[in-house]
Novice: 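The structure's right below; bear with me while I get my questions together.
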Amino acid sequence: MALQESYTPSQVEEKVQAEWEKNQSFLAVEEAGREKFYCLSMFPYPSGRLHMGHVRNYTIGDVISRYQHMLGKNVLQPMGWDAFGLPAENAAMNHGVPPAQWTYSNIDYMKTQLKSLGFAIDWSRELATCSPEYYRWNQWLFLRLLEKGVVYQKTGTVNWDPVDQTVLANEQVIDGRGWRTGALVEKREIPMYYMAITEYAEELLADLADLDGWPEQVRTMQRNWIGKSQGVRVGFPHQIDAGGVLWVFTTRADTLMGATYVAVAAEHPLALYAAQNNPALTQFIEECRRGGMSEAEIATQEKKGMATGLSVTHPLTGESLPLWVANYVLMGYGDGAVMAVPAHDERDFAFAQQYRLPIKPVIRSSAGETTPAPWQEAYAEHGVCINSGKYDGLDFAAAVSAIAADLQAKNLGEKKTTWRLRDWGISRQRYWGTPIPMIKCPTCGDVPVPEEDLPVILPEGCVPDGSGNPLKKYAAFLDCSCPRCGGKAQRETDTMDTFVDSSWYFLRYTCPDAGSMVDERANYWMPVDQYIGGIEHAILHLLYARFWTKVMRELGLVDVREPFRHLLTQGMVVAPTFYRQAEDGRKQWFNPVDVEVATDDKGRTVSATLNTDGQPVMIGGMEKMAKSKNNGVDPQTLIDQYGADTARVFMMFAAPPEQSLEWHDTGVEGAHRFLKRLWAFAVDQAAGLHAADLQADADEAVLAARREIHQTLQQALIDFTRYQFNTVVSAAMKMLNTLGRLSGQGADAVRSEGLSILLRLLSPVAPHITQELWSGLHYGVDILQAPWPQVDETALKCDSIELVVQVNGKLRGKVAVTADADKAAIEQAALSEENVQRFISGQTVVKIIVVPGKLVNVVVR
RNA sequence: GCCGGGGUGGCGAAACAGGUAUACGCAGCAGACUCAAAAUCUGCCGGGGGUAACCCCAUGUCGGUUCGAUUCCGACCCUCGGCACCA
């Protein structure tokens with residue numbers, strides 16, 4: 001079929017997508033012995049429409065998949081839906097639609113969007129985490145882990161909205177108040193199920209060393225998050241109850257002799273005990289209970305404390321130390337209590353200054369032997385003990401060992417390893433999630449649902465109203481009989497954290513129809529060879545998925561220790577923000593598509609006006625596309641107007657995958673222009689292609705152009721291996737520029753070769769147009785089956801090369817030398833260059849540095 | 001507050017292992033085509049000086065290592081991501 005005269009993306013894309021569909025081009029089949037490549041992008045939350053972040057994420061994944069396909073690998077690229085979660089409940093409240101209905105219709109729409117982008121996805125493996133076929137295995141594994149002791153129950157802290165009588169997510173707490181009610185939020189302790197991820201801390205930490213396909217920054221973040229610290233658990237005896245000991249953990253046992261007070265969290269039993277007959281303290285603890293539970297909030301709040309009036313005994317000196325309650329001590333970390341050494345800890349120092357507590361220096365640091373205000377970093381350094389009695393003169397390690405030994409002798413301490421990592425609380429007091437398969441029986445207590453009764457199906461018709469979990473009012477779900485005694489009982493209404501769903505979906509893709517959680521196919525495809533997703537998931541999701549994989553391996557379900565071999569963390573898509581500020585200080589945000597930007601004659605942005613009223617708006621910064629700033633640009637407009645290939649080329653060209661990408665309409669037009677030029681060039685040249693092989697009498701300029709094409713190809717092939725797709729696109733643009741300028745003897749042959757290289761190189765990024773041109777120009781039927789282009793070394797050969805000449809590191813001239821020139825000849829040529837002569841005359845040449853093929857640096861004095 | 005990134009022309013960016021800073025594109029300016037506009041094509045395009053050859057300055061700021069630093073080291077400033085119930 002002849003090529004159309006002009007480029008019509010919608011026609012081309014529809015046609016090519018239909019061919020892929022017909023040929024089942026992306027169906028992945030296990031094939032023993034063939035090298036597989038499992039390319040996975042983080043699955044989307046079905047929020048309604050694709051956003052730019054999705055388009056970017058999945059384009060990167062698709063370019064990698066197609067590249068690996070072109071290299072001959074057996075590629076699996078699946079897709080599915082992270083379908084449980086909070087936004088569906090919010091939509092239900094706003095529109096009165098059940099979360100299930102909202103979610104399924106979003107999935108339908110977003111699936112057509114993904115298909116229109118031409119991703120090489122094996123749709124036969126699609127899954128949604130809200131389907132019982134998927135979440136039954138969450139429940140099944142939960143029960144296995146409960147037996148194993150990895151799942152257990154304890155209390156945990158939640159945000160409580162006292163007006164709506166409901167638990168709030170951190171996101172729903174704004175400045176310490178409930179987002180709907182405006183009520184001051186309180187912390188509340190409730191019973192929850194936990195996963196003992198800390199039991200796996202050592203393994204999760206150690207195996208990071210093997211993840212050399214991960215960005216170093218992500219490994220560092222995980223390492224710090226796990227936070228292994230070696231220290232000493234120290235007991236402070238007290239008389240509050242008989243034989244009582246208050247335990248604290250410290251990494252600085254060498255400073256124990258400098259402890260001047262001890263502080264506990266507001267929720268600590270000793271704090272609650274002390275408050276019994278102390279109204280002021282009760283009020284203070286009440287105050288500590290207000291505000292959100294997030295670590296950022298706690299760490300940035302003003303440090304406050306109050307004395308309990310109680311005291312504990314220093315385990316080594318027998319001194320009496322005051323016991324304080326402090327809002328900076330976290331109940332969830334360690335023992336919920338700390339020993340305070342104001343002389344050598346910044347936070348303790350500030351606290352001691354504020355409340356006039358004694359400061360006792362016990363370490364000689366580079367700042368000296370005292371600790372005067374203001375605080376200096378040096379006070380926290382390791383050093384030699386002073387003012388510490390028998391420990392004087394010991395260094396850090398010796399002091400820690402000696403003190404730990406003495407504590408141990410008194411049964412008041414020992415060396416201990418602790419972790420910053422906390423066990424994973426998976427209970428959520430929400431409707432739209434996997435039901436936790438437990439039954440509450442008044443006689444038997446909490447009883448697991450028998451395996452044969454799985455799945456516990458979530459009723460899909462409920463509409464949450466903001467006042468707690470609707471399952472609590474839904475008798476058909478709630479009421480049941482106890483599997484143990486047969487008496488009347490009620491189901492657990494808490495559901496699982498959605499991180500559970502995303503912790504193993506990549507395993508289910510390998511065998512979506514398996515009658516068990518996973519089957520043997522998982523061992524063919526795993527591990528994921530390349531995982532692509534946002535950097536914001538660097539810690540939680542990736543850590544939970546690693547943990548889950550290790551647990552499943554222990555149960556004999558999979559063979560791999562680690563799920564993701566290589567990880568690519570893509571940057572955010574950001575866009576300009578525009579706003580007007582009302583008199584009450586509130587900002588009204590305007591979408592970039594509704595704003596006209598004025599520039600000066602240098603192209604600098606000077607002002608912006610709103611299209612609807614022509615009045616000026618304020619220009620904010622570049623921020624992550626988000627509803628809150630109304631700066632999201634709908635990718636559908638872009639796809640409708642320019643086609644999928646333009647959207648893909650722009651996305652890949654605008655920035656390297658790991659950096660944030662700034663959204664500009666004009667850049668999109670540039671990408672579209674490039675594809676139009678490519679099409680026009682191909683149509684124009686169609687008749688002259690495949691005309692002749694390159695003859696020996698080709699013009700020098702034609703050979704130079706061929707050299708340029710192969711040099712550009714050489715760089716582009718390297719850029720593909722390191723997934724730097726912006727420069728791959730730039731290489732394709734350069735090739736088209738070079739081909740467009742070609743003329744003379746042999747031009748036809750180079751044009752034919754060059755275009756075939758260009759099409760194949762660009763095909764992973766712009767698969768539709770390159771396929772259409774590939775077949776339309778009769779290079780072949782299916783570009784997916786074409787061999788990956790290779791550099792012809794003979795094309796790169798050149799008789800003469802240009803060297804840069806520097807004098808003392810500054811560029812002073814250029815010289816041409818033959819490719820085989822020796823060092824002496826190069827030096828000679830460099831020294832005799834005219835401008836170089838001017839800069840070395842009257843000076844002594846000290847040495848000459850020759851970097852072969854690149855430059856000469858003449859050092860003079 | 002703690003942990004981890006980023007900062008290069010008017011803008012997005014390039015420079016893979018310390019070796020020509022600004023490739024490729026956008027915007028802008030000039031020209032061609034057109035009755036005109038759009039589209040398309042061609043040329044120019046970091047700042048300053050100079051008729052020119054060429055020179056000086058410039059990769060967030062300050063300092064260091066080196067024949068040579070966007071790249072390595074130290075301090076600082078700004079900015080973004082995460083902080084366990086957003087996903």
Side-chain angles (χ1 to χ4, degrees), chain A residues 42 44-45 47 82 85-87 156 158-159 167-173 215 217-218 220-221 223-225 227 293-301 303 328 332 347 420-422 424-425 427-430 497-499 502 534-541 543-544 569 571-572 574 599-605 621-624 653-656 658-664 666-671 673-674 676-677 680 715 718-719 721-722 724 726-727 729-734 737 802-811 814 834-835 838 846-849 851 854-855 857-860:
Chain A
M42 290 181 186
Y45 178 80
S47 55
D82 189 11
L86 202 51
V158 294
N159 303 305
V167 174
L168 298 179
N170 283 340
E171 189 193 48
Q172 299 170 318
V173 179
Q217 50 153 318
V218 176
T220 303
M221 280 192 268
R223 213 171 275 127
N224 293 338
W225 183 264
M293 53 172 270
S294 77
E295 191 183 298
E297 214 165 335
I298 290 162
T300 50
Q301 73 193 355
K303 310 283 174 286
Y328 68 84
R347 208 169 42 182
R420 209 191 77 94
L421 181 68
R422 307 199 296 257
W424 174 16
S427 295
R428 296 291 178 270
Q429 297 68 47
R430 281 187 232 303
D497 181 3
T498 55
F499 274 127
S502 55
I535 181 70
E536 66 271 21
H537 296 291
I539 295 175
L540 292 179
H541 161 62
L543 194 64
Y544 291 144
T569 49
M572 299 168 302
V574 299
T599 55
D600 64 12
D601 34 301
K602 286 225 159 175
R604 271 180 287 235
T605 301
M622 279 285 177
E623 304 201 38
K624 179 178 181 174
F653 181 58
E658 302 199 300
Q659 275 180 39
S660 57
L661 185 153
E662 300 195 9
W663 178 258
H664 288 285
T666 51
V668 178
E669 278 160 32
R673 211 151 32 220
F674 165 61
K676 277 199 295 190
R677 283 205 300 137
Q715 186 57 51
I718 293 168
D719 291 345
T721 63
R722 53 187 181 133
Q724 187 172 295
N726 54 328
T727 48
V729 174
S730 136
M733 289 173 170
K734 267 189 220 180
N737 292 343
E802 190 178 64
L803 293 183
V804 163
V805 187
Q806 298 179 335
V807 177
N808 285 351
K810 283 194 182 267
L811 176 64
K814 291 177 183 179
E834 197 183 345
N835 203 39
R838 280 179 41 208
V846 183
K847 87 175 133 169
I848 301 178
I849 291 152
V851 182
K854 287 245 167 93
L855 63 66
N857 188 13
V858 183
V859 184
V860 296

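For the numbers below, each heavy atom of this structure counts, side chains included, while hydrogens, waters and symmetry mates do not. Naming convention: chains lettered A, B, ... in sequence-line order (proteins, then strands); numbering from 1 in each chain. Just so you know, these numbers come straight off a predicted model, no measurement behind them.
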Novice: Roughly, in whole Å, what's the span from CD in A/Glu669 to P in B/G28?
Specialist: 10 Å
Novice: Is any side-chain nitrogen or oxygen of A/Lys676 closer than 4.0 Å to OP1 or OP2 of B/C41?
Specialist: no
Novice: Give each protein N/O atom lying under 3.5 Å from an N/O atom of nucleotides 66-69 of chain B, with the pair distance.
Specialist:
from  : atom 1 : to       : atom 2 : distance (Å)
B/C67 : O2     : A/Asn857 : ND2    : 2.3

Novice: What interatomic distance, in whole Å, is found between P of B/G60 and the corresponding atom of B/G12?
Specialist: 13 Å
Novice: I need the CG-P distance between A/Asn726 and B/U8, as an integer number of Å.
Specialist: 15 Å
Novice: Tell me whether B/A17 sits syn or anti, counting syn as a glycosidic angle within 90° of 0.
Specialist: syn
Novice: If we take the C1' atom in both B/U70 and B/U8, what is their distance in whole Å?
Specialist: 7 Å
Novice: Return the nucleotide paired to B/C24: Watson-Crick means purine N1 to pyrimidine N3 with N6-O4 or O6-N4, wobble means G-U with N1-O2 and O6-N3, both under 3.5 Å.
Specialist: B/G12
Novice: Can you tell me how far CG of A/Asp82 sits from NE2 of A/His541, rounded to the nearest 0.5 angstrom?
Specialist: 8.5 Å
Novice: Just how far, in rounded Å, is C1' of B/C3 from CG of A/Leu543?
Specialist: 14 Å
Novice: Report yes or no: do A/Ser294 and A/Asn170 form a side-chain donor-acceptor pair below 3.5 Å?
Specialist: no
Novice: Would you please confirm or rule out a distance under 4.0 Å between OP1 or OP2 of B/A27 and any side-chain N or O of A/Arg673?
Specialist: yes
Novice: Measure CD1/A/Ile848 against C1'/B/G19 and give the value in whole Å, please.
Specialist: 16 Å
Novice: State the pairing partner of B/U40; accept Watson-Crick or G-U wobble contacts with both distances under 3.5 Å, and report none otherwise.
Specialist: B/A32
Novice: Measure the distance from NZ on A/Lys854 to P on B/G18 and round it to the nearest whole Å.
Specialist: 11 Å
Novice: Supply the atom-to-atom distance A/Leu421 CG to A/Asn224 CG, rounded to the nearest 0.5 angstrom.
Specialist: 12.5 Å
Novice: Starting from the C-alpha separation in whole Å, work towards a yes-or-no answer on side-chain contact (heavy atoms from CB on, under 4.5 Å) for A/Val859 and A/Asn808.
Specialist: CA-CA 5 Å; A/Val859 184; A/Asn808 285 351; 3.7 Å; yes
Novice: Who is the Watson-Crick or G-U wobble partner of B/G1, with both distances under 3.5 Å?
Specialist: B/C83
Novice: Looking at residues at least two apart in the chain, or sitting in another chain, which of them share a ring-ring contact (aromatic ring centres under 6.0 Å, His included) with A/Phe499?
Specialist: A/Tyr544
Novice: Does OP1 or OP2 of B/G4 have a side-chain N or O of A/Asn224 closer than 4.0 Å?
Specialist: yes
Novice: Contact class for A/Lys814 (heavy atom, under 4.0 Å): base, sugar-phosphate, or nothing?
Specialist: base
Novice: Over all strands shown, is A/Pro656 touching base, sugar-phosphate only, or nothing at heavy-atom distances under 4.0 angstrom?
Specialist: sugar-phosphate
Novice: Taking B/U66 as the reference, what is the distance to B/C11 when you measure between their C1' atoms (whole Å, please)?
Specialist: 34 Å
Novice: Classify the nucleic acid contact of A/Glu834 as base, sugar-phosphate or nothing, counting any heavy atom under 4.0 Å across all strands shown.
Specialist: nothing
Novice: Decide yes or no on side-chain contact (heavy atoms from CB on, under 4.5 Å) for A/Val158 and A/Val167, but give the supporting numbers first.
Specialist: CA-CA 7 Å; A/Val158 294; A/Val167 174; 3.8 Å; yes
Novice: How far does the C1' atom of B/A14 sit from the matching atom of B/G9, given to the nearest Å?
Specialist: 13 Å
Novice: Within this structure, what is the CD-CG distance for the pair A/Glu171 and A/Leu86, rounded to the nearest 0.5 Å?
Specialist: 6.5 Å
Novice: Taking the C1' atom in each of B/G10 and B/U22, what is the distance between them to the nearest angstrom?
Specialist: 14 Å
Novice: Could you please spell out the steps behind the side-chain contact (heavy atoms from CB on, under 4.5 Å) verdict for A/Val668 and A/Trp663?
Specialist: CA-CA 9 Å; A/Val668 178; A/Trp663 178 258; 3.7 Å; yes
Novice: Can you tell me the distance, in whole Å, between the CZ atom of A/Arg838 and the C1' atom of B/A53?
Specialist: 8 Å
Novice: For nucleotides 76-87 of chain B, read 5' to 3', which letter fits each nucleotide if B means a protein heavy atom sits under 4.0 Å from the base, S means only the sugar-phosphate is that close, and - means neither?
Specialist: ----SBSBBBSB
Novice: Are A/Thr220 and A/Gln217 close enough that a side-chain donor and a side-chain acceptor fall under 3.5 Å?
Specialist: no
Novice: When rounded to the nearest Å, what value does the distance between C1' atoms of B/C76 and B/C83 take?
Specialist: 25 Å
Novice: For the side chain of A/Thr220, counting heavy atoms from C-beta on, which of B/A27, B/A21, B/G4 is nearest?
Specialist: B/G4
Novice: Where each residue is assigned the nucleotide of RNA chain B containing its nearest heavy atom, which of A/Asn737 and A/Ala655 is assigned the position nearer the 5′ end?
Specialist: A/Ala655
Novice: Expressed as a whole number of Å, how far does the C1' atom of B/U40 sit from that of B/G49?
Specialist: 39 Å
Novice: If the glycosidic angle sits within 90 degrees of zero it is syn, else anti. Tell me which applies to B/G31.
Specialist: anti
Novice: Roughly how many Å is it from CD in A/Gln715 to C1' in B/C24, rounded to a whole number?
Specialist: 13 Å
Novice: Under 4.0 angstrom, heavy atoms only, what part of the nucleic acid is A/Arg347 near: base, sugar-phosphate, or nothing?
Specialist: nothing
Novice: Measuring only the P atom in each nucleotide, how far is B/C78 from B/C26? A whole number of Å is fine.
Specialist: 36 Å
Novice: According to the Watson-Crick and G-U wobble definitions, with both distances under 3.5 Å, which nucleotide is paired to B/G6?
Specialist: B/C78
Novice: Expressed as a whole number of angstroms, how long is the span from A/Arg677:CZ to B/U42:C1'?
Specialist: 12 Å
Novice: Checking side-chain contact (heavy atoms from CB on, under 4.5 Å) for the pair A/Val807/A/Val860: CA distance, chi angles, key distance, verdict?
Specialist: CA-CA 7 Å; A/Val807 177; A/Val860 296; 3.9 Å; yes
Novice: Are side-chain heavy atoms of A/Tyr328 and A/Gln301 found at a separation under 4.5 Å?
Specialist: no
Novice: With a sphere of 6.0 Å drawn around NZ of A/Lys854, does it hold more than 12 non-hydrogen atoms of other residues, nucleotides or ligands?
Specialist: no
Novice: Taking the side chain of A/Gln659 as its heavy atoms from C-beta onward, which of B/G4, B/A15, B/A14 lies nearest to it?
Specialist: B/A14
Novice: What nucleic acid atoms does A/Asp719 come within less than 4.0 Å of, heavy atoms only: base, sugar-phosphate, or nothing?
Specialist: nothing
